[in-house]
Amino acid sequence: MSGNSAVPLLGAALEKPFREYLEAQKAKLHHVTGEGTPVEDNWLLWLFEKVVVIMVCFFVCSIVNSMAQSYAKRKRREKSSDSKME
């Protein structure tokens, strides 16, 4: 950085860790195609994928349960109205 654009007092202390972080992110995002992803990312992606699958399954189950409850309620009403008519 040039002297004119530095943050007063804290600029020099913050620049080094921030620059290292940005360089690490750049290296991570610009990996060669044949290298694959780092091992520490694989378990995180696997875990995130499983959490999303579980959430979707739970959502589908709750919809099916709600539909079943509505169907049972409708059948109960029909049955009670049929018995009252007799």
Side-chain angles (χ1 to χ4, degrees):
M1 283 184 129
S2 64
N4 294 342
S5 62
V7 177
L9 302 175
L10 298 176
L14 293 176
E15 181 180 357
K16 184 179 179 189
F18 188 68
R19 184 174 301 277
E20 289 173 357
Y21 171 76
L22 290 177
E23 288 173 0
Q25 285 296 102
K26 183 179 177 182
K28 181 179 171 183
L29 295 174
H30 291 277
H31 69 277
V32 179
T33 305
E35 290 179 0
T37 56
V39 175
E40 62 271 2
D41 288 344
N42 286 337
W43 71 268
L44 187 61
L45 292 174
W46 179 85
L47 181 66
F48 183 72
E49 179 182 348
K50 299 311 177 217
V51 167
V52 169
V53 167
I54 289 170
M55 288 173 58
V56 169
C57 290
F58 183 77
F59 179 70
V60 169
C61 288
S62 76
I63 289 175
V64 169
N65 184 37
S66 176
M67 290 173 62
Q69 287 177 353
S70 296
Y71 179 76
K73 188 176 182 180
R74 187 176 70 228
K75 286 295 186 180
R76 198 176 327 117
R77 284 184 183 160
E78 288 175 3
K79 186 177 180 181
S80 66
S81 67
D82 287 345
S83 65
K84 288 180 181 178
M85 291 178 72
E86 293 178 357

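Atoms NZ and CD, on K28 and E23 in that order, are 15.5 Å from each other to the nearest 0.5 Å. Rounding to the nearest 0.5 Å places CD of E49 at 11.0 Å from CD1 of I54. A distance of 10.5 Å separates CD in Q25 from NE2 in H30, rounded to the nearest 0.5 Å.
By the 6.0 Å contact criterion, NZ on K79 is open, its count of non-hydrogen atoms from other residues, nucleotides or ligands being 12 or less.
Side-chain N or O atoms of S66 include none that pairs as donor or acceptor with a backbone N or O of S62 at under 3.5 Å.
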Could you walk me through whether N42 and W46 pass the side-chain contact (heavy atoms from CB on, under 4.5 Å) test, one step at a time? CA-CA 6 Å; N42 286 337; W46 179 85; over 6 Å; no

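Note on F59: it clusters hydrophobically with M67, by side-chain heavy-atom contacts below 4.5 Å among ILVMFWY residues.
Side-chain contact between K75 and E78: present, with at least one pair of heavy atoms (C-beta onward) separated by less than 4.5 Å. Two residues are said to be in side-chain contact when any heavy atoms from C-beta on lie closer than 4.5 Å; L22 and F18 meet this criterion. At least one side-chain heavy atom of R76 sits less than 4.5 Å from a side-chain heavy atom of K73.
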